[in-house]
Undergrad: 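Can you keep this structure in mind? I'll have questions shortly.
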Amino acid sequence: MSRPRKSLLFGLALIPLLAGGFVFQQHESQQGARLLDQVLNIVSSRFVDTVDAATLYEKAARGLVHELNDPYSILLSPKELSTFNAQTNGRYAGIGMEIAETQGFITVQRVFPHTPAEQAGVQEGDRINFIDTTNIRGWTVSQTSDALKGNPGSKVLVKFSRPGVPELIPIAFTRAVINIPAVPYAIMLDGRVGYIPILQFNESARDELESSITRLSRQGAKGIVIDLRGNPGGILDQSLSVSNLFLKKGLQISSARNGENQSFVATDDPVAPTIPLVLLTDGRSASASEIVAGALQDHDRALIVGTTSFGKGLVQSVFPLEGGYALKMTTAKWYTPNGRSIQKERKLLPNGDFVEVMPDSLETDSARRSRPAFKSDAGRIVYGGGAITPDIIVRPDTLTTAEQKVFNTFAPKTTDVRVTLMDYSLELKKTVRPDFTVLPAWREEFYRRLQAKGVTIDHAQYEQAGSEIDRLLGNTVARLAFGDSTAKRRSVPEDNQLMHALQVLKQSASQKDLFLIAQREQAASASASARQ
C-alpha cells in the first residue's frame with residue numbers, strides 16, 4: 001500500500017509547481033504584448049510623420065521576422081507572394097519575356113519558347129516604349145512586369161523599338177499562361193553523351209527531365225551529364241521526383257529534422273537506373289539541387305564534378321495569412337540519406353549580411369579532407385559539414401591578368417558595354433550560319449562602337465584580351481541567331497568542368513567505372529599536394 005500512496009503524493013506535489021510555471025509564462029506573455037501595444041500607440045500618436053495603423057502593424061510583423069536573424073524567413077505581401085509563387089512554380093499569366101532595365105529603357109533579355117512573345121517575333125534587345133497608351137519611360141522593371149501580366153485571355157498592346165527599325169513596332173498580345181522551362185534544351189555532345197541543364201526545380205522539372213533523358217537515350221546516349229550549376233532550387237516534391245528517376249523504389253532521398261525526423265523515399269521505379277551519370281555543381285547550386293546531388297552521391301548513383309555547392313539546407317514552409325499575406329519561415333533542416341547536413345555554417349555580420357565560413361566552393365583537397373567523413377552505400381568516402389562536396393573538384397576557367405584588366409575597365413560602364421554588345425550582335429546574327437567564326441573585323445568594330453559609347457580603353461590592352469572578346473561576341477551572336485543550345489555547343493571547349501565530365505564518361509562503361517576514375521584522380525591530387 002505504501003508505494004501507490006507515495007506516487008500519489010509526488011503527483012500532488014507537482015501540480016502547484018506546474019501551475020505556477022504556467023502562470024509565470026502567461027505573465028511574461030502579457031508583459032510582452034503590453035510592451036508591443038504601448039510602442040505601437042506611442043509611434044502612432046507621437047511620431048513626427050503620420051503612419052496609418054495597417055502600415056504600423058505590417059512593419060512590426062516584418063521587424064519580428066527580421067529579428068529571427070534568418071535570411072530565408074520573410075513576411076510576403078500579396079504582391080511579393082504572387083511573384084514568389086510565379087518564380088517557384090515557373091508559371092504566370094503574361095506574354096513570355098524576361099526584361100531588365102538598361103540605360104533607362106526596359107529591354108527584352110530573353111524570349112521564352114512557345115509563348116505569345118515568341119509567336120509575335122519579339123527579339124532580345126527590343127525596348128518597350130508603350131504599354132497600351134502609356135509611355136513607360138522611367139518605369140521600373142517591377143512596374144512594367146505588373147502591367148504586362150494579367151488574366152489569361154486578356155489583351156495588351158505593346159510598342160517596341162528595335163535597332164535598325166525607324167518606327168515603333170506595335171504588337172497586340174493575348175495573355176496566356178507562361179511556363180518557364182526547367183530544362184531549356186537537351187543536346188548530344190561528342191555523339192555519345194547527353195547534356196541536360198536544369199535551371200530550376202519548378203513544377204515541370206521532373207517531366208521535362210524524363211522527356212529529355214528518353215529522347216537522348218533513343219539518340220544513342222551512353223552517358224548523361226546533368227548540369228545543376230547556378231540552379232537555386234525550387235519545389236521539394238520536384239527534387240524528390242527528379243531523384244527518383246535514377247534511384248530504386250524504397251531508397252531514402254532525404255530527411256527533414258526539427259525535433260522529429262521526416263523521411264522522404266523513392267516511391268516509383270526509376271526510368272534511368274543504370275546509365276552512367278555525372279552531375280555538375282558549383283557554389284550557386286542550392287537547396288533542391290543539393291537534395292538531388294546528395295541523394296545520388298550517397299547511393300552511388302551519380303558522380304559529382306565541379307565545385308562545392310552553396311549549402312542551403314534549411315526547410316522553408318509557407319503559412320498563408322489574412323489579407324493575402326504569407327509567412328515564409330524556416331522550420332527544419334535537410335539531411336542526405338546517410339545523415340549529412342546540407343546546411344553550411346554562415347556568420348551574421350553587424351550589417352545583417354550573412355557570409356559563409358570555410359570551406360567555400362573552391363576548397364582545396366586538404367580543406368575537403370578536414371571535413372567530417374561519411375560513407376556512401378558502396379563505402380566511398382563522401383564529405384559532410386554542410387553543402388555537397390564533389391567527388392572530383394574541378395575549378396572553373398579563370399580570366400588571364402590581361403583579360404581581368406579589360407573587364408575591370410568595363411565594369412563602371414557595364415550597361416553601355418552590354419547595350420553595345422546586344423545592338424552589334426543583333427546586326428551580326430543576320431549574317432551568320434551555325435558554324436560561323438568570329439572575324440578580327442568584328443572585334444575591331446566592337447572596339448570602335450565601345451569608344452563611341454564612351455567606354456575608353458587602350459587598344460593594345462583591348463587586343464590582349466582578344467580571345468575573351470571573341471568568345472563573348474561569338475556566344476552572344478550564336479544565342480541570338482540560333483538559340484541557347486547552339487551557343488552552348490560553341491562554348492563546350494571553354495567549359496573545363498563540362499569537358500572533364502565528358503572525358504571521364506568517355507572512359508567509362510558503367511557508373512562503377514566513373515567512381516574508379518574519381519578514386520584515381522583523388523589519389524593523384526593528394527599525392528601532388530603532399531609533394532608541395
Side-chain angles (χ1 to χ4, degrees), residues 182-183 196 198 200-202 205-210 213 224-229 231-257 261-282 285-306 308-315 332-344 371-392 501 511-512 514-515 518:
V183 178
I196 309 172
I198 305 180
Q200 59 181 334
F201 285 87
N202 63 20
R206 187 261 183 207
D207 292 341
E208 291 180 37
L209 179 57
E210 180 181 7
I213 292 171
I224 296 287
V225 176
I226 294 180
D227 195 342
L228 296 177
R229 292 175 297 180
N231 185 320
I235 302 172
L236 166 64
D237 287 346
Q238 289 295 312
S239 69
L240 302 177
S241 296
V242 163
S243 301
N244 199 168
L245 290 175
F246 307 100
L247 295 178
K248 294 179 181 179
K249 185 176 181 178
L251 286 178
Q252 187 182 62
I253 296 173
S254 186
S255 64
R257 302 178 193 173
N261 188 5
Q262 185 179 9
S263 181
F264 302 92
V265 301
T267 57
D268 301 307
D269 291 325
V271 300
T274 59
I275 190 169
L277 181 65
V278 174
L279 299 188
L280 297 178
T281 63
D282 66 7
S285 305
S287 192
S289 295
E290 296 172 295
I291 290 175
V292 173
L296 299 187
Q297 188 180 48
D298 280 7
H299 292 306
D300 303 292
R301 184 59 194 89
L303 181 76
I304 313 298
V305 172
T308 300
S309 63
F310 180 78
K312 181 181 180 296
L314 299 176
V315 182
K333 288 185 178 181
W334 291 120
Y335 292 82
T336 70
N338 67 8
R340 293 182 290 160
S341 173
I342 292 175
Q343 178 64 14
K344 182 186 290 186
R371 303 179 71 170
F374 290 73
K375 292 291 184 70
S376 71
D377 291 355
R380 296 186 305 121
I381 294 177
V382 292
Y383 293 95
I388 303 301
T389 299
D391 301 297
I392 301 177
Q511 195 68 45
K512 186 176 180 180
L514 287 172
F515 295 135

Undergrad: Start with the C-alpha gap between Leu251 and Val265, add the side-chain angles, then the distance that decides, and say whether side chain to side chain contact (heavy atoms under 4.5 Å, CB included) holds.
TA: CA-CA 5 Å; Leu251 286 178; Val265 301; over 6 Å; no
Undergrad: Phe201 versus Leu228: any side-chain heavy-atom pair under 4.5 Å?
TA: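 Yes, at least one pair of side-chain atoms sits under 4.5 Å.
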Undergrad: Rounded to the nearest 0.5 Å, what separates atom CD in Gln200 from atom OG in Ser287?
TA: 12.5 Å
Undergrad: How many angstroms lie between atom NZ of Lys312 and atom CG of Leu314, to the nearest 0.5 angstrom?
TA: 6.0 Å
Undergrad: Provide the closest heavy-atom pair for Ser309 versus Ser285 in the form atom of the first, atom of the second, distance.
TA: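 Taking Ser309 first and Ser285 second, the nearest heavy atoms are CB-O, 3.3 Å.
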Undergrad: Do you know the tightest heavy-atom contact between Ala288 and Ile235?
TA: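 Nearest heavy atoms, Ala288 then Ile235: CB-O, 4.5 Å.
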Undergrad: Can you tell if the side chain of His299 reaches within under 4.5 Å of the side chain of Pro337, non-hydrogen atoms only?
TA: yes
Undergrad: In the structure I gave you, are the side-chain heavy atoms of Leu280 and Val225 within less than 4.5 Å of one another anywhere?
TA: yes
Undergrad: Does any non-hydrogen side-chain atom of Pro390 lie less than 4.5 Å from one of Thr308?
TA: yes
Undergrad: State, yes or no, whether a side-chain contact exists between Val278 and Ile224 at a heavy-atom distance under 4.5 Å.
TA: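 With C-beta onward as the side chain, the pair stays apart.
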Undergrad: Find the distance between CH2 (Trp334) and CZ (Arg257) and round it off to the nearest 0.5 Å.
TA: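 The CH2 atom of Trp334 sits 12.0 Å away from the CZ atom of Arg257.
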Undergrad: For the residue pair Ile226 and Leu277, establish whether any side-chain heavy-atom pair is separated by less than 4.5 Å.
TA: yes
Undergrad: Do Gln511 and Thr274 have side chains that get closer than 4.5 Å, going by heavy atoms?
TA: no
Undergrad: How many angstroms lie between atom OG of Ser289 and atom CZ of Phe310, to the nearest 0.5 angstrom?
TA: 12.0 Å
Undergrad: Which pairs pass salt bridge (Lys or Arg N to Asp or Glu O under 4.0 Å) with one or both residues in residues 289-301, sequence neighbours excluded?
TA: Asp298-Arg340, Asp300-Arg380
Undergrad: Can you check whether Ala256's main-chain N or O pairs, donor with acceptor, with Gln262's side chain at less than 3.5 Å?
TA: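 Between the backbone of Ala256 and the side chain of Gln262 there is no qualifying donor-acceptor contact (under 3.5 Å).
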Undergrad: Could you pull out all donor-acceptor pairs under 3.5 Å where a side-chain atom in residues 236-247 meets a protein atom, sequence neighbours excluded?
TA:
residue: Gln238; atom: OE1; partner: Ala205; partner atom: N; Å: 3.3
residue: Gln238; atom: OE1; partner: Arg206; partner atom: N; Å: 2.8
residue: Gln238; atom: NE2; partner: Glu203; partner atom: O; Å: 3.2
residue: Ser239; atom: OG; partner: Leu236; partner atom: O; Å: 2.7
residue: Ser241; atom: OG; partner: Asp237; partner atom: O; Å: 3.0
residue: Ser243; atom: OG; partner: Ser239; partner atom: O; Å: 2.9
residue: Asn244; atom: OD1; partner: Thr267; partner atom: N; Å: 2.9
residue: Asn244; atom: OD1; partner: Asp268; partner atom: N; Å: 2.9
residue: Asn244; atom: ND2; partner: Leu247; partner atom: O; Å: 3.2
residue: Asn244; atom: ND2; partner: Asp268; partner atom: O; Å: 2.8

Undergrad: With a 4.5 Å limit on heavy-atom distance, are the side chains of Thr281 and Ile388 in contact?
TA: no
Undergrad: Is it the case that Gln297 and Asp391 place a side-chain donor and acceptor less than 3.5 Å from each other?
TA: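 Their side chains do contain a donor-acceptor pair, which is all the 3.5 Å distance test asks for.
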Undergrad: Let me know which of Ile304, Leu303, Val305 forms a side chain to side chain contact (heavy atoms under 4.5 Å, CB included) with Leu279.
TA: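 For Leu279, the side chain to side chain contact (heavy atoms under 4.5 Å, CB included) check succeeds only for Ile304.
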Undergrad: Please name the residue in the list Ile291, Ile342, Val382, Ile253 that meets the side chain to side chain contact (heavy atoms under 4.5 Å, CB included) test with Thr336.
TA: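 Single side chain to side chain contact (heavy atoms under 4.5 Å, CB included) partner of Thr336 among Ile291, Ile342, Val382, Ile253: Ile342.
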Undergrad: Can you check whether Ile198's main-chain N or O pairs, donor with acceptor, with Asn231's side chain at less than 3.5 Å?
TA: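 Judged by distance alone, yes, a pair lies under 3.5 Å.
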Undergrad: With sequence neighbours left out, what residues match Asp207 under side-chain hydrogen bond (donor to acceptor under 3.5 Å, both in side chains)?
TA: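 Applying side-chain hydrogen bond (donor to acceptor under 3.5 Å, both in side chains) to Asp207 gives none.
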